[in-house]
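Inspection log for the structure reproduced underneath, given as structure tokens.
Lettering of chains follows the sequences in order, A, B, ..., and the numbering in each one begins at 1.
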There are 2 protein chains.
Amino acid sequence: MARVTIAHIAERLGVSKASVSYALNGQPGVSEATRQKVVAMAAELGWHPSFSARALSRSRADAIGMVLRRDPTLLGTEPYYMRLLEGVEDVLSDAGQSLLLRMVGTTPGRDTAVYERWAGEGRVDGVIVLDRAIDDPRPELLTRLGLPFVLHGVLPGNEGGAERIEDQHRDAQLLVTHLFELGHRHIAHVTGPLALAHEVDRRDAVAQECAARGIEVDFAEADYTFDTAHARVAELLGSGIRRPTALVFSNDVMAVAGLRALADADAREISLVSWDDSMLCQFSYPTVTALERYPDRAGRRSAAMLLELLDGRKWSTAAPTPSTLVVRESSRPARP
Amino acid sequence: MARVTIAHIAERLGVSKASVSYALNGQPGVSEATRQKVVAMAAELGWHPSFSARALSRSRADAIGMVLRRDPTLLGTEPYYMRLLEGVEDVLSDAGQSLLLRMVGTTPGRDTAVYERWAGEGRVDGVIVLDRAIDDPRPELLTRLGLPFVLHGVLPGNEGGAERIEDQHRDAQLLVTHLFELGHRHIAHVTGPLALAHEVDRRDAVAQECAARGIEVDFAEADYTFDTAHARVAELLGSGIRRPTALVFSNDVMAVAGLRALADADAREISLVSWDDSMLCQFSYPTVTALERYPDRAGRRSAAMLLELLDGRKWSTAAPTPSTLVVRESSRPARP
DNA sequence: CTGAAAGCGCTTACAG
DNA sequence: CTGAAAGCGCTTACAG
């Protein structure tokens, strides 16, 4: 079980370690004949480059990291993250890179410690940052640490927020248009935490789309959990005056909570749509109209962008995949 | 942004690199006075050990790997895996170990290549193997590769299958007893792939529990997906003769498919329970009675076992957390 | 094209 | 207790 090294290969072939290294890495500096002998011998001996030796000499870890900050319980129930990871992992493994995963819960500052450690130890070459917050301290921290990063869902160079990959506007338009066409003229949007940049974007986009169509809109802030969303809906309905005829939820769990709240309030005639699709939306009763946002493709994009950034290549600006609205039972014509 | 090394610390303090190393690692061989100076200086300079240098000199990657082989689409929808990962990650990060994650889909052999590479490159110190199959080639492969491993859900040294951590018998008993007490005397169990060791265990355990109570039981094999499970239930109902009054499903997705199939066949009076709990069971209509199996704790156990194995420590045989039955609407008294 | 050598940043016997 | 040195397995200028 002793490790096969380039020294062994060099010895067997009677050449220098340098030649072996060049041959194995496809670098110039070896004759084609030598290269072939080396490659054949490496295959025969079952040689693999020692990851740590290579990392040390190249100062490259060949790994990228992701810190998930949400509540672990929620993480398990939101397919969004698994699908995102799947896309990221797919691109990384094709590139021979590893994915380091860390889940830190919601305690503030725990992610910071992870980044500091990763940077200090040289354990990852870069990171993908999720769930960008308003005044997010992470870009500055990562810059200070010298750790390359990509903000998931944001174009590089546009951290200011001018141009977003995840186009909340287009998504808002899909949702609002759908409700408008069903005759809804008064809706409410139950958002996620407004400390998250994309939730603010969504709220603003919904407001704008509604204004453009003469739809009245109310907003309520929740935190992606079932219970909070349930409570918000109960409040919206209980406040009495003028009820919305349709509700928009920023994720699938809250949408399903909305379903329950409507049933509890005997207000099943109210329509409802979700910003995230999942099996929850597919199998709830009634089934929930939702946006398919292709999180795996978004993950692929972020991973590809990070690799390009690490290679110093120019980012290739392929357009993100537009979302699709999956119409199900929960959205119906507004009652006349 | 130049890396701080022990050489810098040694130079600043006028001592040797060796002393610095000993001091930083809590090894004997330095005076207490020197140790304190070193530690203080390391903190001041913001020193972190170079992960790759340490890995190279200790031939230890301080990382463990997991290969997920299921269909990525299913992975996203089964909270089981995220919760499992959460438990694993928690233990690992407390121990300063990293988690390398790889998703390979269901193409046979792709996981093998990953293990070979990880072992060859020395990228991980060990792996946790999930979803053990009948005649699983992985234990042998990993042994040959010299890569330490833990079979998730199996006691070390009992790979033969004598003693399982995930006690399918106790779980089967919970489910069958519940149905028995509701008056069911004829049930059917829609299993996952019988190529998986634990699915065979479940089927056998259910058969045994039913026999002990004079319950008739049929079995149908599916593959954890909605469509297949839906088809199996349709067949079970269509076959005509004697219908079961209750169904057991080996995961949540299939249970929800069963719900739909029952509705489609206008057979809502048939009860149904799921071997896995999830939000799918919580928010379906009707809600589904399910086993809470605490996958995060199982993940913790496996991770802890692997770390102990790597350290050459004796495995501490704390008992696994027993499952709990969460009774919901889908299981009702059998029709007289 | 090829070889001898230094270097990446640690750890760890081995002399003093 | 302390220092000089070799070694982990690569990569990469630098001479021939």
Distance, rounded to the nearest Å, where B:L56 contributes CG and C:dG7 contributes P: 17 Å
Option from B:L306, B:L147, B:I64 for which side chain to side chain contact (heavy atoms under 4.5 Å, CB included) with B:V127 holds: B:L147
Both distances under 3.5 Å, Watson-Crick or G-U wobble: report the partner of C:dA13, or none. none
Using a 6.0 Å distance limit plus a 45 degree cone around the ring axis, check whether A:R297 lies over the aromatic ring of A:Y294. yes
Any side-chain heavy atom of A:L145 sitting closer than 4.5 Å to one from A:W118? no
If we only count heavy atoms from C-beta on, is the B:L309 to B:F149 side-chain gap below 4.5 Å? no
Calculate the interatomic distance between A:R60 atom CZ and D:dT12 atom P; express it in whole Å. 12 Å
Length of the CD1-P vector between B:I6 and D:dA5, whole Å: 16 Å
Distance col, row A:S52:OG vs A:D62:CG, nearest 0.5 angstrom, shows 11.5 Å
Can you find a side chain N or O atom of A:S52 that sits less than 4.0 Å from OP1 or OP2 on D:dG9? no
Less than 3.5 Å apart, any donor N or O on the side chain of B:T106 or B:R69 sitting next to an acceptor on the other? no
Short side-chain N/O contact to C:dG9 OP1/OP2 from B:R54, under 4.0 Å: no
Rounded to whole Å, the CZ-C1' distance (A:R123 to C:dC10) equals 14 Å
Value in whole Å for how far the P atom of D:dG9 lies from CG of A:L45: 15 Å
Taking 4.0 Å as the cut-off, does a side-chain nitrogen or oxygen of B:T34 come that near to OP1 or OP2 on D:dT2? yes
Neighbours of DNA chain C within residues 9-28 of chain A, by heavy-atom distance under 4.0 Å: A:G14, A:V15, A:S16, A:A18, A:S19
Out of curiosity, B:I134 CD1 to B:H198 NE2, how far, rounded to the nearest 0.5 Å? 10.5 Å
Counting only Watson-Crick pairs (N1-N3 plus N6-O4 or O6-N4) and G-U wobbles (N1-O2, O6-N3), all under 3.5 Å, who is the partner of C:dA4? none
Give a yes/no on whether any side-chain N or O of B:R58 is located under 4.0 angstrom from OP1 or OP2 of D:dC8. no
